[in-house]
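Below: the structure, in structure tokens.
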Amino acid sequence: MSATPDGQHPSADLSPLVRAAEAALMRALVDPGQALRAGRLIIESARRNGCPEAEVMGLRTMALAARELGDLQQAEFHLREALAVRGAPAERIAQARLSLVTVRTERGHPLQALRVAALAWAYLCPLDRAKLDTQRAVALAHLGRHQEAIASCDRALMALVTAPGNIDDRRFLAGGLLNRGLIHAYRGDWDASMRDLTACLQISQYAGLWHLARLAAANLPFLAVRRGDIAGAFRHYREAEETLFGFPERLAAMRADFAGALLAAHLPGEAGAMLRMAVPDLEASAAHAALAEARLKLAQVELLTGDPHRARQVAEQACAELAAQDRISWLPLAREVILRSRLALEPATPELVAELIACADELEDGFAHRAGAAALRLAAAEAALVVDDHPTASAQLARLTRHAERRERWVPAGTRLTSLASEPQARQLAQASQIPVPVRQHALALQAALQEDVPAAFRAVRDGLAEVSGRVEAFEDPSLRAHAARAGERLAAYGLELAVRDGCPREVFEWAERWRAVAAPAHACALVDPERIRAELGRGILIEYVADRDALLAVLLSEDRVLLRRLGSLRQVTDAIVRLRYALRRLSRRHDVEPAAAELERLVLRPMAADLGDRPLVVVPAGSLHTVPWGALPSLRERPVSVAPGAAAWLRARTSRGPRSTGKPQVAAAAGPSLTHAPAEVAHVLACHPGGRQVPARVEPVLEALGTADVVHLAAHGTFHARSPLVSGITLEDGQLMAYDLLDVSRSAGLVVLSACNAGMSRTPMEGAPLGLPGTFLAKGSACVVAGMVPVEDETARAVMSTFHELLAAGQPPDAALAGAAAKTGETGFVCFGAGDQPVC
């Protein structure tokens, strides 16, 4: 999190030059540019008049101003000059050392900073010692000595809160609160952190200390993420970005801190974007301490986003930098990334297993890293199994499951009763409670599988996922639900792996659905009986695709049977999807679409061709299959296809609308700006549905139409943001109608048609929770959404949508109407989401 202010000294009975130097020091934090100019004048005057006290203060002013402008190297240069001034009062020299504590810490030398603080201590008055303590605390925190850092802040604040109360004292009081708030954040105590930062903000604003207020505000994005408010975090970030403009090092430090919180919230893509902006500015500012931490986070991002080569390279650089800064407690974190990268790049070996275990032991020694230690120990156990070292694997698993073996039920910390166990047992229990539930249950499942007790293994996975689901329920924001659920992703994958190994189609279906249910919207997170699905399908078939490591499988449900089919390599499928989407985007080269579509069909449909026949399909995609425009595949071009995030979600969409009324549906349509053919398209839609109404293409009227109409048609530009899918939207006259805007509506139209480029795209951080416009409409009650998956020309959209509504008005259900419209116009870039087999007219 963003670092600290430094201090100056109020004095009495000063000479005019020294008084001017005091004033310049005060300006350094408010207007560093003006303070630099004042500092130069004071130094020149002091040297001319032989006033070493003012000379030291002038140099310190220059240092503080340079530090505020992000030039830590120049700041240290001026402070070193100040320490060398002959004849200066010892107290002024000590104050320069006080300032040097901050700069040495930020330049990556916290141990040296503590030595500098020790040299200053004896020559400072009690109040200045309190101010020094606020700076020492930051150095201690960088060394991982958080308890000492908190004690240092507590001691300082007790003195500062009873200080005379001038502006300088208020500044240090606020600064001490800021520092303690940041240390609480390092320790994961978000409530205490928020209390201190809020108090800092209030004191700063009341005293007109806008610099400190900016620093406190700059940490709000970090805390907002940690408290689960992702949307609020980005709002705070945009505000902080504006307030920190002109302070590049501060801005970079804030971005790096924010990235750390995003990383912890399972948002590595967003975290990577922040870090790639922050690192160059931290390098330019020579902020070595923050730079090493930022590099470590970037290495973690690279690993999580699938680039172990780059992750290892960056982690090794971070490791070297942290070691040079004597930050021993950080080194196991960097080594963990290096070892995990090696595990991804190299075959497991006994030597690598030993290194993984040693690193897990080191992490376990640090209070704040025990959850990471448990996860790495589990990885070590899995690697030991790969090299057939069962004794080592069992020993590591035993360390993760001792607590569970004694059948002592885990409960949240706040609800735990007083333990009657002995002190050593109590310590062991406290340590066990820091093992994340998914890790503990995964270890239990592996242990059971090693003993060939498969039912116990399934039970362990099931119990673990139930606990993860319970925690996910606390979130209503679909992106938070999806990302919170990722904690159970590996556990769920293991359950699926056991089911695939067993080869029973019903069991694979159950575990695939169980996985999807963890992150699904609240209304679709209940497990569904396959017999219920089969009864609803009629003559249709549901294909649920399942990714098992690098293999793609499919479970087929139809009225007469349940089948499991193994399809091949997931990587091959992903490559084929990329080629097809590329061909579809190049509108001028349509002839490239045919071979690309045929290749994808060969991989994902042909092995099941005999089972599928010509029946209508419900497709439940997995991984990159969420981005497929299914109507482009040759055998599906005239076939009704509905796409759903899960079988339970399809069933819910199919039954949510209830019995159709005998009257005509209420239809509303809007034409967005800057599209030549949109008005004609809307006119044709309304002509197809007598009684339909055109609504203004503005956000509020469209939201109102969604709440009252049965069918809403929007002909407009669409945008999809892969990194932040909930800010994807439809362009209206007064701005974007974003997926986020839909979260507040109480109802959505039964059928929503988005005649817009890319409006059907989504990002799926976890199966069951595709994030984007279609998923959000379905979550808010729509039964069906028709939307474009690729760029579509304005005139083409008008043609296909005109035909679609003609067929819809003639009584065809949306999936059949879309298939018919695509066959007549040749445009296959639209997809029908949800349950498209129910007529709306």
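Among Leu557, Val508, Leu556, the single residue meeting the side chain to side chain contact (heavy atoms under 4.5 Å, CB included) criterion with Val562 is Leu557.
Here Arg637 does not pair with Glu601 in a salt bridge; the nearest charged N to carboxylate O distance is not below 4.0 Å. Electrostatic pairing of Asp361 and Arg399 counts as a salt bridge here, judged by a charged N lying under 4.0 Å from a carboxylate O. Arg462 has no carboxylate O lying under 4.0 Å from a charged side-chain N of Glu467, or vice versa, which leaves the two without a salt bridge. Electrostatic pairing of Arg501 and Glu497 counts as a salt bridge here, judged by a charged N lying under 4.0 Å from a carboxylate O. Comment: Glu536 engages Arg654 in a salt bridge, judged by a side-chain N to carboxylate O separation of less than 4.0 angstrom. Ion pairing of Arg312 with Glu302 is absent here, as no side-chain N (NZ or NE/NH1/NH2) approaches a carboxylate O to less than 4.0 Å. At a threshold of 4.0 Å, the pair Asp611-Arg565 counts as salt-bridged, since one of the basic side-chain nitrogens sits closer than that to a carboxylate oxygen. Salt-bridge check for Asp463 with Arg440: failed, with every basic side-chain N at 4.0 Å or more from each acidic carboxylate O.
Residues Ser569 and Leu552 fail the side-chain proximity criterion, which asks for heavy atoms closer than 4.5 Å. Residues Ser762 and Thr764 meet the side-chain proximity criterion, which asks for heavy atoms closer than 4.5 Å. In this structure, the side chains of Leu363 and Arg370 stay at 4.5 Å or more apart for every pair of heavy atoms. Side-chain contact check for Leu343 versus Leu356: some heavy-atom pair is nearer than 4.5 Å. Put simply, the side chain of Asp815 does not reach to within 4.5 Å of the side chain of Val641, judged on heavy atoms. In this structure, the side chains of Asp548 and Leu570 stay at 4.5 Å or more apart for every pair of heavy atoms. Side-chain contact between Glu355 and Arg342 is present, with at least one heavy-atom pair separated by less than 4.5 Å. Proximity of Trp515 to Val546: side-chain heavy atoms (C-beta onward) are nowhere separated by under 4.5 Å.
The two residues Ala499 and Phe458 make their nearest non-hydrogen contact at N-CZ, 3.7 Å. Closest of all the heavy-atom pairs between Ser469 and Val518 is OG-CG2, 3.7 Å. Closest of all the heavy-atom pairs between Val831 and Trp630 is CG2-N, 3.9 Å. Heavy-atom minimum distance, Gly488 versus Leu465: O-CD2, 3.7 Å. Closest approach of Leu605 and Ser635 over heavy atoms only: CD1-OG, 3.9 Å. Nearest heavy atom pair, residue Ala315 against residue Ala299, reads N-CB, 3.6 Å.
Judged by distance alone, the side chain of Asp453 and the main-chain N or O of Ala456 form a donor-acceptor pair under 3.5 Å. For the pair Arg516 (side chain) and Pro645 (backbone), a donor-acceptor distance under 3.5 Å is present.
Rounding to the nearest 0.5 Å gives a distance of 11.0 Å between CG of Leu773 and OG of Ser782. Note: Leu580 CG to Met789 CE = 10.0 Å, rounded to the nearest 0.5 Å. Interatomic distance, CZ of Arg539 versus CG of Asp560, reported as 11.5 Å (0.5 Å rounding).
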*Report the C-alpha separation of Glu382 and Arg490 in whole Å, then their side-chain angles, then the decisive distance to 0.1 Å, and conclude whether the salt bridge (charged side-chain N to carboxylate O under 4.0 Å, His left out) test is met.*
CA-CA 12 Å; Glu382 290 176 312; Arg490 291 191 68 242; 2.6 Å; yes

*asked:* Pair Arg340, Glu336 - check salt bridge (charged side-chain N to carboxylate O under 4.0 Å, His left out), show working.
replied: CA-CA 6 Å; Arg340 285 188 180 277; Glu336 180 190 1; 3.1 Å; yes

*What's the verdict on salt bridge (charged side-chain N to carboxylate O under 4.0 Å, His left out) for Arg534 and Asp529, showing C-alpha distance, side-chain angles and the deciding distance?*
CA-CA 9 Å; Arg534 291 174 59 196; Asp529 183 351; over 6 Å; no

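Ser394 and Gln447 share no side-chain donor-acceptor pair at under 3.5 Å.
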